[in-house]
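Structure record follows, encoded as structure tokens.
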Amino acid sequence: YRNVTRYFKTMINQPAFKAVVGEVTLCVERVKPQPSAKDAKKAEKKAEKKPAEQPKKAEKKAKEVDEDEEMEAPAPKPKSKLDLLPPPKMVLDDWKRFYSNNATKPDAMNWLWEHYDDEGYSFWKVEYKYNDELAKLFMTNNLIGGHFNRLERARKYAFGNLLTLGKDDDNMIWGYFMVRGKTIPEEVADAADFESFAWTAADHNDPKTRAEIEDCFAWEGPSLPRECYDGKTFK
């Protein structure tokens with residue numbers, strides 16, 4: 001309260017004020033509140049009730065906690081069978097990166113056929129089994145997205161495109177996948193809706209199949225069964 005202090009100092013230095021009150025000494029140290037007798041009594045009781053430290057019991061408890069943590073440690077994650085295969089000549093992540101950053105045709109597809117490891121990977125045509133039940137195009141495309149979410153475990157071992165082809169109330173899901181190994185990986189087969197799709201092994205050396213793979217990965221081309229509305233890439 002600087003203004004109040006200044007006013008007070010002005011008043012006590014007036015001759016008339018000094019004549020009555022005399023010299024006034026200002027406070028040099030802030031007054032410290034004194035605890036009441038009641039509070040002091042409570043503090044004493046609290047100090048009496050506080051138990052003495054028992055280091056041995058604390059040590060024993062800490063040991064028990066450590067043992068519990070060791071028992072609750074998660075089991076090591078099971079290794080995929082695909083990780084036990086010989087290292088492939090083509091790194092899947094390199095292909096995914098090139099596909100994402102370049103034109104699909106001809107650049108990305110030329111890169112794929114140049115680097116493709118026939119021993120390390122295989123192609124599969126994927127078709128939805130219940131196309132007659134599909135309705136609106138956007139709903140069909142959402143169905144593909146849901147399926148890809150359930151394939152999360154396979155992301156390290158697979159790449160593919162599924163397309164929504166046709167028109168409202170008359171459409172289909174069709175596409176191709178490239179996977180690690182020569183069989184359908186367990187990471188794919190254990191998806192909850194895997195049985196709703198037909199996976200057929202495809203020979204990429206067959207000109208017709210190769211053309212379908214290229215058009216599928218590009219989402220356009222004469223080999224597509226029907227007009228492409230939209231699609232999704234699993235990578």
Side-chain angles (χ1 to χ4, degrees), residues 80 82 90 92-109 111-113 116 120-204 206-235:
S80 170
L82 299 175
M90 182 186 78
L92 190 58
D93 282 343
D94 289 348
W95 154 247
K96 291 178 179 180
R97 196 158 35 247
F98 197 91
Y99 175 85
S100 299
N101 296 323
N102 294 273
T104 306
K105 291 192 295 186
D107 299 344
M109 296 313 303
W111 188 99
L112 178 61
W113 301 132
Y116 182 70
Y121 299 91
S122 57
F123 279 99
W124 298 79
K125 179 184 282 189
V126 182
E127 298 171 287
Y128 190 59
K129 293 180 180 178
Y130 309 107
N131 288 322
D132 57 328
E133 299 178 3
L134 300 176
K136 301 300 180 184
L137 287 166
F138 79 91
M139 296 172 65
T140 300
N141 214 53
N142 289 343
L143 190 153
I144 296 173
H147 178 54
F148 281 5
N149 289 338
R150 299 178 189 96
L151 291 177
E152 187 60 35
R153 283 186 62 211
R155 201 168 293 277
K156 181 181 174 183
Y157 310 105
F159 170 89
N161 282 273
L162 289 184
L163 309 181
T164 299
L165 307 176
K167 57 185 180 180
D168 280 341
D169 303 314
D170 180 20
N171 52 79
M172 62 186 293
I173 296 175
W174 176 93
Y176 276 90
F177 260 70
M178 177 175 64
V179 302
R180 187 81 169 87
K182 292 298 185 181
T183 59
I184 300 173
E186 177 190 348
E187 288 79 2
V188 170
D190 73 348
D193 54 352
F194 171 75
E195 294 298 333
S196 297
F197 295 83
W199 281 59
T200 307
D203 179 10
H204 70 283
D206 174 64
K208 180 177 180 296
T209 300
R210 181 171 290 214
E212 287 185 351
I213 293 171
E214 292 186 354
D215 289 351
C216 173
F217 286 7
W219 294 21
E220 61 181 3
S223 70
L224 298 184
R226 301 183 65 180
E227 181 182 359
C228 180
Y229 161 76
D230 203 352
K232 292 188 182 294
T233 301
F234 184 82
K235 59 182 178 178

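Here, residue 1 is the first one in the sequence, and each next residue gets the next number.
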Any chance you could measure [X], atom [atom1], to [Y], atom [atom2], to the nearest 0.5 Å?
| X | Y | atom1 | atom2 | result |
| --- | --- | --- | --- | --- |
| T209 | K125 | OG1 | NZ | 6.5 Å |
| L112 | M90 | CG | CE | 5.5 Å |
| L92 | L82 | CG | CG | 11.0 Å |
| I213 | D206 | CD1 | CG | 9.0 Å |
| F148 | T233 | CZ | OG1 | 7.0 Å |
| T164 | Y229 | OG1 | OH | 7.5 Å |

With no hydrogens and no angle check, is any side-chain donor or acceptor of [X] less than 3.5 Å from a backbone partner on [Y]?
| X | Y | value |
| --- | --- | --- |
| S223 | A211 | yes |
| K182 | Y121 | yes |
| S122 | G181 | yes |

Nearest heavy-atom neighbours spanning [X] and [Y]:
| X | Y | result |
| --- | --- | --- |
| N161 | W219 | OD1-NE1, 2.9 Å |
| C216 | G175 | SG-CA, 3.6 Å |
| Y157 | S80 | OH-CB, 3.3 Å |
| R226 | L165 | O-CD2, 3.7 Å |

**OP:** Kindly state each residue pair satisfying salt bridge (Lys or Arg N to Asp or Glu O under 4.0 Å) with at least one member in residues 137-165, sequence neighbours excluded.
**Re:**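 Residue pairs with at least one partner in residues 137-165: D83-K156, R150-D193, E152-R155, R153-E187, R153-D190.
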Original post:
Using 30° and 60° as the class limits, which term best fits the ring planes of Y116 and H204: parallel, tilted or perpendicular?
Top reply: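 Perpendicular.
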**OP:** With sequence neighbours excluded, tell me which residues meet ring pair (Phe, Tyr, Trp, His ring centres under 6.0 Å) with Y99.
**Re:**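 Result, ring pair (Phe, Tyr, Trp, His ring centres under 6.0 Å) vs Y99: W95, F159.
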Which atom pairs, donor and acceptor, lie under 3.5 Å between side-chain atoms of residues 131-139 and protein residues at least two apart or in another chain?
from, atom 1, to, atom 2, distance (Å)
N131, OD1, I173, N, 3.1
N131, ND2, Y128, O, 3.3

Considering residues at least two apart in sequence or located in another chain, which fulfil the side chain to side chain donor-acceptor pair (under 3.5 Å) criterion with [X]?
| X | answer |
| --- | --- |
| S196 | none |
| K96 | none |
| N102 | none |

Subject >> Residue among T200, V179, V188 satisfying side-chain contact (heavy atoms from CB on, under 4.5 Å) with W124 >> reply: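 Among T200, V179, V188, the one meeting side-chain contact (heavy atoms from CB on, under 4.5 Å) with W124 is V179.
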Original post:
Considering the options F197, F234, W174, which one meets the side-chain contact (heavy atoms from CB on, under 4.5 Å) requirement together with L162?
Top reply: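 So, applying the side-chain contact (heavy atoms from CB on, under 4.5 Å) to L162 and each of F197, F234, W174, only F197 qualifies.
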Original post:
Salt-bridged, R210 to E214, with N to O below 4.0 Å?
Top reply: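 No salt bridge links R210 with E214.
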